[in-house]
Amino acid sequence: MSILETIKSRFRPVLSELAPRTSSALLEMIRPAQESRFGDFQANFAMPLAKQLGANVGARELATNILNRVKLDDFCEVPEVAGPGFINLRIRDDWLIESLNKAVADPRCGVQATESPRTYVVDYSSPNVAKPMHVGHIRTTVIGDALDHVLRFLGHRVISDNHLGDWGTQFGMIIYGYKHFVDRAAYVEHPVQELGRLYRLVNKLVGYFDARQQLPELRGQVQQREALLSRSQALPESDKKRSAELQRSQRQLKEAQDALQETEARVRELESEPKTAALLAAHPRIADDVLRETALLHGGDAENLRLWHEFLPNCRDEIQRVYRRLNVRFDFEYGESFYHDQLSVVVDRCLQSGIARESNGAICIFLDGFETPMIVRKSDGAFLYATTDLATIEFRARTWNPDVILYVVDHRQSEHFEKLFAAARQLGYHRIDFRHIKFGTILDDQGKPFRTRSGDTVGLEGLLDQAVQKAHEVICRLDDEKRNGRELSEEQRARIAEIIGIGAIKYGDQSQNRESDYKYSLEKMVALDGNTITYLQYSHARVGGIFRKAEVDRAGIRTSPGSIQFALPADRALAMILAQFHQALLDVIVDYRPNLLTTYLYDLAKAFHVFFENCPVRDAETEALRTSRLKLCDLTARIIEIGLSLLGIPVVERM
RNA sequence: GCGCCCAUAGCUCAGCUGGAUAGAGCAACGGAUUUCUAAUCCGUAGGUCGCAGGUUCGAAUCCUGCUGGGCGUGCCA
């Protein structure tokens with residue numbers, strides 16, 4: 001049990017007796033101390049509880065009373081009541097030492113598996129297999145993978161399921177492209193590249209017609225905003241809001257003009273390329289034809305189905321290549337196509353149970369609190385992703401009987417998931433705890449969604465390459481600057497750069513609060529200081545250096561006799577953090593926030609560096625102290641290693 | 001129009017269901033090195049937590065209004 005859980009378990013009986021209804025909330029008010037002068041932990045429940053119990057109960061008095069009834073002296077120093085009624089707790093050194101001795105000897109560093117495992121389905125990544133993966137897939141993949149690992153490590157049953165987009169319009173595009181533009185030789189030689197080329201080509205042509213169709217609307221918007229601007233200008237000078245209105249109208253007009261210009265430029269650019277222009281002239285109805293190919297595929301057309309079966313394995317291989325590089329694995333990859341024959345069944349079930357009805361030709365589920373319905377069948381008879389999502393819930397419930405389903409998806413889909421979960425509950429899935437694990441957008445340094453200069457999304461692999469290259473530069477520079485000359489071979493440098501580069505992207509992402517947007521900065525992610533992967537890796541590698549210099553076997557030290565001991569404050573400070581690894585992982589899964597793990601690891605690395613400065617290990621004053629410090633070092637490195645592995649990042653032994 | 005989210009140091013961000021004097025990192029300035037890898041550590045400076053009210057022993061956190069921004073909004077995913 002974590003230290004915090006131990007403390008809570010002691011207070012629980014007394015608090016449940018005093019306040020049966022609110023005791024669990026009150027227990028949550030026991031937490032690590034905010035400042036070291038307040039001890040190791042603080043309990044803040046006395047003030048609210050005093051208020052709850054009545055006007056004439058003093059919080060300090062109440063705190064003292066409670067302390068008299070709670071047994072803590074086997075692992076805490078005598079508690080203090082401070083200020084208006086804070087209870088300050090300091091863990092006894094002998095108890096802390098004992099729990100660390102156990103952690104040192106434990107392959108899991110003191111983290112026990114839960115006694116009440118739950119079954120989680122984690123739905124994340126979910127790319128369209130016909131398109132190259134892009135920057136938008138980073139967060140879902142990295143966060144989902146980390147949650148998967150943390151839950152598993154804590155002893156829960158986890159099923160990771162990659163809900164691949166393998167049945168949508170993108171395949172209509174590839175099929176259309178294949179039928180009209182395929183280069184046979186290239187296809188035979190490198191099918192994946194050729195299919196990718198076909199996808200991009202058709203997407204470009206369709207994009208042209210989309211853009212041209214948008215032009216009238218964009219022009220209308222500019223006119224509308226010009227009108228708004230002149231209306232603001234017409235406001236009397238005395239109006240307080242005039243300048244604000246004016247500014248806003250001007251900005252909005254500029255935005256509309258920019259959007260129009262961009263689109264016009266794109267249209268002109270495509271028209272000016274002779275080859276493209278010829279294709280555009282030859283395929284004027286390509287947008288509709290692509291949809292028709294898709295509809296044929298869904299309708300069971302033999303030829304399109306055959307092509308789909310031929311293309312799909314290639315597309316999936318391509319995606320798997322990226323996952324291998326990212327070191328991400330799924331238990332299952334039931335894509336959209338897997339649910340194809342269930343969609344009409346789901347719609348029928350919605351109709352029969354009365355939660356859905358026909359409206360304007362579409363089958364809709366109207367839900368309380370929502371203005372617009374969730375549409376499960378379009379008026380043309382086609383199904384939507386809401387339909388697939390319901391079919392997926394039905395399948396997962398039947399197959400795995402999960403307690404929780406996590407959807408690691410962009411926050412912009414919040415409303416969709418609120419509706420989906422509400423509909424699922426109406427269909428009878430009350431028992432499942434559905435959670436939308438939402439995350440923010442990755443922005444460029446201007447604060448705009450991260451895109452290439454030409455407005456396309458940024459490819460994921462290119463981003464990885466860039467990070468690896470940047471990491472390589474940093475590794476080489478630092479190795480060259482070493483006092484005794486370079487230590488790493490070219491192969492080592494390349495291998496380390498791959499781990500640090502990809503680790504930088506993963507760690508950089510997960511050190512952000514998942515709900516907020518963040519600015520992508522490669523410089524910051526591979527920086528050497530601050531809360532970065534390099535700082536963590538360096539801390540880990542330094543432990544290796546200590547053991548090498550001291551000529552001690554790391555595995556051997558774990559089982560060697562001798563206890564942890566605290567000679568200096570830095571010994572104890574490091575030990576205190578080491579003892580809280582379990583709690584850090586528990587905190588992560590309360591609200592599914594990996595950044596709580598990165599914060600913990602960063603705190604650990606900082607405490608280790610303070611320890612490193614102040615506490616000689618190899619030349620410790622006594623043999624016993626040397627052993628103690630070696631054990632603390634080893635445990636530090638192992639917790640960093642496990643912690644990073646839970647974030648999907650391997651460690652390097654030297655750098 | 002309606003709905004959801006956001007606003008914290010010059011910059012990038014934490015701040016865990018209300019708790020003690022709001023924290024990191026970067027950038028700035030000042031120190032520490034015959035090293036267990038200085039890729040580090042110590043220190044200084046920097047804030048009206050968007051604005052105005054309210055709730056209470058206590059508010060960055062909860063409520064209301066306002067300002068500024070993002071996103072979503074019936075047949076895309």
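Throughout, protein chains are lettered first and strands after them, A, B, ... in sequence-line order, and every chain is numbered starting at 1.
- Across all strands, A382(A) comes closer than 4.0 Å to no nucleic acid atom at all (heavy-atom distances).
- Spacing between atom NZ of K51(A) and atom P of G19(B) amounts to 13 Å, rounded to whole angstrom units.
- Atom C1' of U67(B) sits at a distance of 37 Å from the matching atom of C29(B), rounded to the whole Å.
- Note on residues 510-520 of chain A: pairs passing side-chain hydrogen bond (donor to acceptor under 3.5 Å, both in side chains), not counting sequence neighbours, are D509(A)-Y518(A), N513(A)-R593(A), E515(A)-R593(A).
- Residue M29(A) is in base contact, counting any heavy-atom pair closer than 4.0 Å across all strands shown.
- Under the ring-ring contact (aromatic ring centres under 6.0 Å, His included) criterion, F547(A) pairs with no residue, sequence neighbours left out.
- Remark: R412(A) engages D410(A) in a salt bridge (charged side-chain N to carboxylate O under 4.0 Å, His left out) (not counting sequence neighbours).
- To the nearest whole angstrom, the two C1' atoms, one in A60(B) and one in G19(B), are 13 Å apart.
- Taking atom CG of D444(A) as the reference point, atom C1' of G70(B) lies 14 Å away to the nearest angstrom.
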- Item | Nucleotide-resolved protein contact map, nucleotides 7-14 of chain B, B/S/- at heavy-atom distance under 4.0 Å | -----BSS
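- When heavy atoms are screened at a 4.0 angstrom cut-off, A82(A) is found touching base atoms of the nucleic acid.
- For Y407(A), the ring-ring contact (aromatic ring centres under 6.0 Å, His included) partners two or more places apart in sequence, or in a different chain, are F417(A), F421(A).
- Here U34(B) is the nucleotide among C41(B), C36(B), U34(B) with the atom lying nearest to any side-chain atom of R483(A).
- With RNA chain B read from its 5' end, the first of the two nearest nucleotides for R654(A) and H411(A) is the one closest to R654(A).
- A distance below 6.0 Å separates the ring centres of Y339(A) and H163(A).
- You'll find the side chain of H340(A) stays beyond 4.5 Å of the side chain of F383(A), heavy atoms only.
- Using atom C1' as the reference point in both G70(B) and C62(B), the two lie 23 Å apart (nearest Å).
- Looking at heavy-atom distances under 4.0 Å, D587(A) makes no contact with the nucleic acid at all.
- Atom CG in N614(A) sits about 8 Å away from atom C1' in C41(B), given to the nearest Å.
- Counted within 6.0 Å of NZ on K254(A), heavy atoms from surrounding residues, nucleotides or ligands total 12 or fewer; the atom is thus considered open.
- When each of V617(A), T636(A), I546(A), L574(A) is paired with F612(A), the side-chain contact (heavy atoms from CB on, under 4.5 Å) condition holds for I546(A) and for no other.
- For Y535(A), the side-chain atoms get nearest to C41(B) when compared with the rest of C41(B), C16(B), A24(B).
- Separating the P atom of C11(B) from that of G43(B) is a span of 25 Å, rounded to the nearest Å.
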Show me, pair by pair, the donor-acceptor contacts under 3.5 angstrom made by side chains of residues 529-539 of chain A, not counting sequence neighbours?
unit_1, atom_1, unit_2, atom_2, d
N531(A), OD1, Y507(A), OH, 2.6
T532(A), OG1, A527(A), O, 3.2
T532(A), OG1, T534(A), OG1, 3.0
T532(A), OG1, Y535(A), N, 3.3
T534(A), OG1, A527(A), O, 2.3
Y535(A), OH, H609(A), ND1, 3.0
Q537(A), OE1, V652(A), N, 3.0
Q537(A), NE2, P650(A), O, 2.9
Y538(A), OH, R542(A), NE, 3.0
Y538(A), OH, R542(A), NH2, 3.2
S539(A), OG, Y535(A), O, 2.7

Any protein N or O atoms within reach of nucleotides 74-77 of chain B? Criterion: under 3.5 Å, listing atom names and distances.
unit_1, atom_1, unit_2, atom_2, d
G74(B), N1, S359(A), OG, 2.9
G74(B), N2, S359(A), O, 3.3
C75(B), O2, S379(A), N, 2.8
C75(B), N3, S379(A), OG, 3.4
C75(B), N4, N360(A), O, 3.1
C76(B), OP2, K378(A), NZ, 2.3
A77(B), OP2, Y385(A), N, 3.4
A77(B), O3', E336(A), OE2, 3.0
A77(B), N7, Y385(A), OH, 3.4
A77(B), N6, Y385(A), OH, 2.8

- Item | Dot-bracket summary - RNA chain B, pairs being Watson-Crick or G-U whose distances fall under 3.5 Å, with | when paired to another strand | (((((((..((((.....[...)))).(((((.......))))).....(((((..]....))))))))))))....
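- Taking the P atom of each, C4(B) and U64(B) are spaced 10 Å apart, rounded to whole Å.
- When the P atom of A24(B) is taken as reference, atom CG of L601(A) falls 19 Å away, rounded to whole Å.
- Within the 4.0 angstrom heavy-atom criterion, only backbone atoms of the sugar-phosphate kind lie near Y602(A); the bases stay farther away.
- If you take atom P in U12(B) and the same atom in G72(B), they sit 23 Å apart, rounded to whole Å.
- Qualifying salt bridge (charged side-chain N to carboxylate O under 4.0 Å, His left out) partners for R12(A), counting only residues two or more places apart in sequence or in other chains: none.
- Between the CG atom of L367(A) and the C1' atom of C4(B) there is a distance of 16 Å, rounded to whole Å.
- A side-chain donor from one of Q583(A) and D587(A) sits under 3.5 Å from a side-chain acceptor of the other.
- Taking a cutoff of 4.0 Å between a charged side-chain nitrogen and a carboxylate oxygen, R451(A) and D444(A) do not qualify as a salt bridge.
- What separates NZ of K549(A) from P of C36(B) is a distance of 7 Å, to the nearest Å.
- Nucleotide G18(B) holds its C1' atom 16 Å from the CG atom of L49(A), rounded to whole Å.
- For the salt bridge (charged side-chain N to carboxylate O under 4.0 Å, His left out) test, residues two or more places apart in sequence or in another chain that qualify with D40(A) are R572(A).
- The CZ atom of F612(A) sits 11 Å away from the P atom of C41(B) (whole-angstrom rounding).
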Only pairs under 3.5 Å count here: list side-chain donor-acceptor contacts from residues 361-381 of chain A, not counting sequence neighbours, and write none if there are none.
unit_1, atom_1, unit_2, atom_2, d
T372(A), OG1, K419(A), NZ, 2.9
D380(A), OD1, A382(A), N, 2.8

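- Residues R477(A) and D480(A) are not paired through a salt bridge, judged by the lack of any N-O separation under 4.0 Å between the basic side chain and the carboxylate.
- The stretch residues 36-46 of chain A touches RNA chain B through R37(A), F38(A), Q42(A), N44(A), each having a heavy atom under 4.0 angstrom from the strand.
- Using P as the reference atom, G18(B) and C13(B) are 26 Å apart when rounded to the nearest Å.
- At a threshold of 4.0 angstrom between heavy atoms, the contacts of V610(A) are confined to the sugar-phosphate backbone, with no base atom among them.
- Annotation: side chain of I66(A) is in contact with side chain of F45(A) (closest heavy-atom distance under 4.5 Å).
- Among the heavy atoms of the strands, none lies under 4.0 Å from D479(A).
- A distance of about 26 Å separates the P atoms of A9(B) and G65(B), rounded to the whole Å.
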